[in-house]
Structures are given as C-alpha cells and as structure tokens.
Amino acid sequence: MGNYFGRDPRNDILILGLDDAGKTALLSTLKLGKILTFSGTHYETIDVNGVSLTCLDLSGRNKERPMIHLSTGTARGFVHVIDSTDAARLDEALDELVKFVLLEKKTLGTVVMVLANKQDIPGALTALEVEDALKRKYKFSSTSPLAHTVFVRPCSVLAKEGIHEAFGEFVNLLDLKRCGKAKPGLLSLVTEDQNGGNFGRLGVEAQKESLALAKVKAVLKNPFCFRISKAC
Ligand SMILES: Nc1nc2c(ncn2[C@@H]2O[C@H](COP(=O)(O)OP(=O)(O)OP(=O)(O)O)[C@@H](O)[C@H]2O)c(=O)[nH]1
Ligand SMILES: [Mg+2]
C-alpha cells in the first residue's frame with residue numbers, strides 16, 4: 001500500500017460522504033474493478049486517463065471524522081459520495097459537504113465532485129434532485145476566482161455506470177483549475193435544452209433498463225460543456 005505521508009501530494013483527492021454511501025466500493029472498483037467494502041480509512045493511487053490521483057477514503061463513521069480537518073488542507077479535489085436511496089439523510093450528507101469543504105477556507109480553489117450513487121436502485125433520488133438540494137443549502141458564487149468548482153453526477157458503483165465518465169470529467173476540471181481556467185461555482189446539470197430537468201425522452205432500448213440507470217445514461221449523453229485541451 002505504500003506510505004501515505006511519503007507520497008507526492010500534488011494530486012491528493014479526498015473521498016467523503018456518510019457511512020454506507022459507497023466510498024470504499026467506489027475506490028476499490030476504480031482500482032481493482034470489483035467492490036470491496038470496509039469501514040476504515042485507507043488510500044489508493046488510481047490512474048484516470050493517464051493522470052495519477054492519490055485518493056484518501058475517509059470512513060463516514062463518527063470516530064474517523066476528525067481526520068477530515070487534518071486532510072482538507074492538501075487536497076486539490078474532493079469527491080463527495082451520496083447514497084441517493086437515503087433521502088432521510090440527504091440533508092445530513094450535504095451539511096457535511098458544506099461544513100467540511102464549501103465553508104472551509106483552505107479548500108478554496110479546489111474541484112468538488114458530488115456523486116449521486118446507487119442509481120441502480122429504483123426510487124433513488126436523481127442527480128438533479130441532489131443538485132437542487134445542494135443549491136438550497138449553499139449559495140454558489142461564479143464571480144470569485146478562488147471559489148470551488150462544483151458539479152454533481154449520477155452513478156452506480158455496483159453497475160459500474162457513470163464512474164469512469166465522472167472521474168474523466170473530474171481530472172479535466174482539475175487540469176483546468178490548475179491553469180486557472182475552470183469556471184468557479186456550480187456547473188449545473190441542467191443545460192438550456194434540458195430545462196426543468198427532463199431526462200425523460202429515452203429510446204426503446206433505454207426503456208428496457210431500470211429507469212434510474214437509464215437516467216444515468218441519458219445524462220451522460222448530454223454532458224454539460226467543459227471539454228478541454230490539456231495545454232494551459
Ligand atoms: N445497490 C448498490 N449498492 C452499492 C453501490 N455502491 C455501494 N453499494 C453498497 O453499499 C454498501 C456500503 O458501501 P461502502 O463502500 O462500504 O460504504 P462507505 O461509504 O465506504 O461506508 P463507510 O466506510 O462506513 O463510511 C455496500 O454494501 C456496497 O456494496 C451502488 O452503486 N449500488
Ligand atoms: Mg468505507
């Protein structure tokens with residue numbers, strides 16, 4: 001596993017979220033292609049499109065929470081995993097994101113990806129619902145050059161849907177941020193032609209799949225635009 005404190009900290013990423021959100025499952029799937037779950041804090045180095053990210057998976061269990069304050073200072077990016085089937089704790093999950101990341105001065109200038117996970121389960125909140133709840137909690141600014149760049153994506157770690165695309169966008173944004181070219185504020189899922197969040201116009205093939213997974217695919221077909229070139 002190597003020595004976390006001896007690593008190159010330039011691409012440090014923190015994976016946050018409440019217990020059972022799917023953080024460890026996500027990281028093990030990205031690293032090994034299969035789900036492992038345990039509740040301790042651990043880290044892995046993963047490769048995303050040729051970019052190496054050192055991801056620290058901080059357990060959502062209470063005794064580990066003080067670790068968050070120790071780790072936020074060096075992180076260039078945050079991945080906040082939400083259990084989209086746990087509507088009762090959505091508020092609590094977003095409160096953590098606001099408290100530990102968005103209101104934390106030392107995290108300014110970072111990229112924050114919120115993953116609305118477990119979209120394979122019928123009835124899961126959509127990414128748009130998660131995004132709307134986040135907008136109600138926190139006033140995003142697109143004017144401060146130091147602000148966070150935040151975006152929400154749907155995924156299912158279990159079905160391996162959406163995670164590689166989301167991490168691809170995440171590293172693109174890290175790159176843009178490094179060059180000072182990433183737009184600050186919330187990059188909304190709703191584009192002009194999707195006004196109202198209607199992801200409903202799906203083809204016959206999509207209708208055969210579970211509704212939630214079909215929605216993940218529909219969103220992925222219509223990514224909001226921040227395709228970039230690597231050069232600054
Ligand atoms: N159906 C479904 N289950 C998932 C998904 N992702 C994770 N899980 C399950 O959710 C449970 C919790 O996953 P973990 O990865 O252990 O959660 P965690 O966020 O690391 O939890 P803590 O370490 O306690 O903070 C496990 O049983 C996973 O198999 C998903 O996309 N869909
Ligand atoms: Mg875990």
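Ligands are counted one by one from 1 in listed order, and the atoms in each one are counted from 1 as well.
The stretch residues 135-148 participates, sequence neighbours left out, in these salt bridge (charged side-chain N to carboxylate O under 4.0 Å, His left out) pairs: Asp91-Lys137, Asp95-Lys137, Glu131-Lys135, Asp132-Lys135.
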(message) Could you go through Asp175 and Val171, starting from their C-alpha distance and side-chain angles, then the distance that decides it, and tell me whether this counts as side-chain contact (heavy atoms from CB on, under 4.5 Å)?
(response) CA-CA 6 Å; Asp175 227 43; Val171 294; over 6 Å; no

(request) Begin from the C-alpha positions of Phe167 and Leu115 and carry the test side-chain contact (heavy atoms from CB on, under 4.5 Å) through to its verdict. (result) CA-CA 10 Å; Phe167 268 80; Leu115 289 179; 4.2 Å; yes

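When side chains are defined from C-beta on, Val111 does not count as touching Met113, because their heavy atoms never get closer than 4.5 Å.
The only option from Leu16, Leu134, Val150 that meets the side-chain contact (heavy atoms from CB on, under 4.5 Å) definition with Leu97 turns out to be Leu134. Results of the side-chain contact (heavy atoms from CB on, under 4.5 Å) test with Arg89 over Asp83, Ile82, Leu94, Leu18 single out Leu18 as the only residue that passes.
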Give every pair formed by an N or O atom of ligand 1 and a protein N or O atom closer than 3.5 Å, one pair per line with both atom names and the distance to 0.1 Å, or write none.
unit_1, atom_1, unit_2, atom_2, d
ligand 1, 1 (N), Asp120, OD2, 3.0
ligand 1, 6 (N), Asn117, ND2, 3.1
ligand 1, 10 (O), Lys118, NZ, 3.1
ligand 1, 15 (O), Thr24, N, 3.3
ligand 1, 15 (O), Ala25, N, 2.8
ligand 1, 17 (O), Gly22, N, 3.2
ligand 1, 19 (O), Ala21, N, 3.2
ligand 1, 19 (O), Gly22, N, 3.0
ligand 1, 19 (O), Lys23, N, 2.9
ligand 1, 19 (O), Lys23, NZ, 2.7
ligand 1, 20 (O), Thr24, N, 3.0
ligand 1, 20 (O), Thr24, OG1, 2.8
ligand 1, 21 (O), Asp20, N, 2.8
ligand 1, 23 (O), Phe38, O, 3.3
ligand 1, 23 (O), Ser39, OG, 3.4
ligand 1, 24 (O), Ser39, OG, 2.9
ligand 1, 24 (O), Arg61, NE, 2.8
ligand 1, 24 (O), Arg61, NH2, 3.0
ligand 1, 25 (O), Lys23, NZ, 2.7
ligand 1, 25 (O), Gly60, N, 2.5
ligand 1, 31 (O), Asn117, OD1, 3.0
ligand 1, 31 (O), Asp120, OD1, 3.4
ligand 1, 31 (O), Ser156, OG, 3.4
ligand 1, 31 (O), Val157, N, 2.9
ligand 1, 31 (O), Leu158, N, 3.1
ligand 1, 32 (N), Asp120, OD1, 2.8

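Thr149 is linked by a side-chain hydrogen bond (donor to acceptor under 3.5 Å, both in side chains) to Lys177, counting only residues two or more places apart in sequence or in another chain.
When atom types are taken as modelled, the side chain of His80 and the backbone of Ala93 share a donor-acceptor pair closer than 3.5 angstrom.
A distance of 14.5 Å separates CD1 in Ile163 from CZ in Arg153, rounded to the nearest 0.5 Å.
Protein N/O/S atoms closer than 2.8 Å to the Mg ion (ligand 2): Thr24 OG1, Phe38 O.
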